[in-house]
Amino acid sequence: MTNDNFIPLLVYIYLAFIGIAFLSSLNAFRLDFPIHLKVFSILLGLDFLVEFSSTVLVNWLHVRTNVPLYNSFMLVETMTYAWFFRTILTNRALKMTCTVFMITFPIFWVVLVFFVFGGIGAWNSYVYIVESLFTVCMAAAFYYQLFTAPNLIRLTTSPEFWIATGLIIFYTCNLPYLGMLNFITKEYFTLAQRLLMLLQILNIVMYSLITLAYLCQNTKRTTNTMRSSAF
């Protein structure tokens with residue numbers, strides 16, 4: 001199988017993993033999970049719609065670019081991440097950092113998209129870099145919060161741990177590629193196409209961990225229910 005055929009196949013596999021993650025996240029409503037997990041589930045649903053629409057536009061309708069769709073969704077995605085971490089972090093300074101970020105980021109997005117990059121049709125690498133750095137830093141801060149907590153926390157049954165892990169892996173590994181996408185596409189187009197395979201693999205890993213996040217909580221609750229029934 002050639003690279004040209006393998007990349008679309010990875011896209012469909014990746015799309016399937018987003019769908020699985022979203023369907024798994026519906027446990028948040030069925031089992032009455034905390035509000036931040038419900039909101040993250042809604043984000044997954046929007047993510048699936050965006051990726052499905054992008055696939056239809058590029059692979060089926062042969063539209064030249066799907067960049068406006070991604071630039072728009074990046075604003076929604078980043079704001080949701082900021083709210084998510086503001087909800088689960090306990091440090092007051094970090095909460096305030098998330099609040100300030102949520103106020104300033106939309107302004108930053110508008111200025112860069114429309115005044116620096118000249119419109120929503122150009123890939124906004126600066127916005128992506130800010131989103132990635134913020135997400136990785138907040139996820140790392142949550143790691144620190146978990147490992148310094150006064151009470152022991154079983155990480156394997158912590159949805160927030162698995163979500164933070166997936167975000168760290170994806171954004172840390174993917175930042176160099178998407179952060180320099182405009183340059184790589186212009187100067188090394190073949191390399192950009194090959195690196196796209198790595199992007200899809202990282203997406204599959206991230207959404208697998210997010211799926212685990214919602215299923216591990218389900219397993220925990222089921223186990224607790226069985227124990228309660230036994231007594």
Side-chain angles (χ1 to χ4, degrees), residues 11 14 18 36 39-40 42-58 63-89 93-142 163-164 166-189 191-196 198-200 202-203 206-207 210:
V11 170
Y14 151 58
I18 301 179
H36 58 272
V39 171
F40 203 90
I42 295 172
L43 178 66
L44 289 174
L46 292 175
D47 195 2
F48 178 79
L49 289 177
V50 167
E51 293 295 346
F52 180 78
S53 300
S54 174
T55 301
V56 170
L57 288 173
V58 174
V63 175
R64 272 189 75 182
T65 179
N66 52 14
V67 170
L69 190 62
Y70 284 117
N71 275 335
S72 302
F73 181 66
M74 195 158 31
L75 174 61
V76 177
E77 182 181 57
T78 307
M79 294 293 288
T80 305
Y81 286 164
W83 182 86
F84 176 82
F85 284 113
R86 186 186 183 281
T87 304
I88 65 176
L89 290 170
L94 291 173
K95 281 182 172 291
M96 181 58 67
T97 299
C98 291
T99 300
V100 172
F101 182 85
M102 291 174 68
I103 294 172
T104 57
F105 183 77
I107 302 172
F108 176 77
W109 183 89
V110 169
V111 170
L112 282 180
V113 168
F114 295 104
F115 297 100
V116 176
F117 282 83
I120 203 167
W123 171 248
N124 202 314
S125 56
Y126 292 169
V127 171
Y128 184 80
I129 289 171
V130 171
E131 177 191 18
S132 300
L133 291 176
F134 175 81
T135 302
V136 170
C137 288
M138 291 301 105
F142 179 69
I163 291 174
L167 293 176
I168 284 180
I169 291 173
F170 178 79
Y171 284 102
T172 301
C173 298
N174 203 39
L175 177 58
Y177 172 60
L178 287 182
M180 298 189 299
L181 183 62
N182 289 329
F183 171 77
I184 296 175
T185 303
K186 182 179 179 180
E187 301 293 336
Y188 306 99
F189 183 76
L191 176 62
Q193 287 291 101
R194 292 176 179 175
L195 289 175
L196 182 60
L198 177 61
L199 169 65
Q200 304 303 351
L202 288 171
N203 269 310
M206 179 178 69
Y207 286 106
I210 291 174

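When a residue number appears, it is its place in the shown sequence, counting from 1.
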Could you measure the distance from the CD1 atom of Ile42 to the OG1 atom of Thr80? Nearest 0.5 Å is fine. 9.0 Å
Once you measure the plane-to-plane angle for Phe105 and Phe108, does it fall in the parallel (<30°), tilted (30-60°) or perpendicular (>60°) bin? tilted
So how far is it from Met102 CE to Thr97 OG1, rounded to the nearest 0.5 Å? 13.0 Å
Taking the six-membered ring for Trp, are Phe117 and Tyr126 parallel (under 30°), tilted (30 to 60°) or perpendicular (over 60°)? perpendicular
Taking every non-hydrogen atom, the tightest pair across Gly121 and Pro68: CA-CG, 3.9 Å
Determine the minimum heavy-atom distance between Val67 and Ala122, stating which atoms define it. CG1-C, 3.6 Å
Measure the spacing between CE of Met74 and CD1 of Ile120 and express it to the nearest 0.5 Å. 9.0 Å
Any donor-acceptor N/O pair, Asn66 side chain to Leu69 backbone, under 3.5 Å: no
Over 60° means perpendicular and under 30° means parallel, so tell me whether Phe114 and Trp109 are parallel, tilted or perpendicular. perpendicular
So do the side chains of Val58 and Val63 get within less than 4.5 Å of each other, counting heavy atoms only? no
Minimum side-chain heavy-atom gap Ile18-Leu44 below 4.5 Å: no
If I compare all heavy atoms of Ala139 with all of Ala164, which pair ends up nearest, and what's the gap? CB-O, 3.9 Å
Backbone of Leu49 reached by a side-chain donor or acceptor of Ser53 within 3.5 Å: yes
Less than 4.5 Å apart, side chain to side chain, heavy atoms only: is that true for Met79 and Phe84? no
Quick one: are Thr135 and Phe170 in side-chain contact, heavy atoms under 4.5 Å? no
In Å, rounded to the nearest 0.5 Å, how long is the span from CD1 of Ile129 to CG of Leu175? 6.0 Å
Nearest atoms (heavy-atom pairs only) where Leu89 meets Ala141: CD2-C, 4.0 Å
Could you tell me whether the side chains of Glu77 and Tyr70 share a donor-acceptor contact shorter than 3.5 Å? no
Once rounded to the nearest 0.5 Å, what's the spacing between atom CZ of Arg86 and atom CE of Met138? 12.5 Å
Any side-chain donor paired with an acceptor under 3.5 Å for Glu51 and Tyr14? yes
CA sep, side-chain torsions, deciding dist, call: Phe101, Phe134, ring-ring contact (aromatic ring centres under 6.0 Å, His included): CA-CA 9 Å; Phe101 182 85; Phe134 175 81; 3.8 Å; yes
Could you check whether Tyr128 and Asn71, counting side-chain N and O atoms only, form a donor-acceptor pair closer than 3.5 Å? no
Side-chain contact, heavy-atom cut-off 4.5 Å: Leu167 with Val136? no
Between Gly166 and Met206, the two heavy atoms sitting closest are O-CG, 3.5 Å
Measuring only between side-chain heavy atoms, which start at C-beta, is Leu75 closer than 4.5 Å to Ser72? no
Are Phe142 and Phe85, when compared by the centres of their aromatic rings, separated by less than 6.0 Å? no
Here the gap from Cys137 atom SG to Ile168 atom CD1, rounded to the nearest 0.5 Å, amounts to 9.5 Å
Test Glu131 against Tyr81 for side-chain contact (heavy atoms from CB on, under 4.5 Å), laying out the working first. CA-CA 9 Å; Glu131 177 191 18; Tyr81 286 164; 3.7 Å; yes
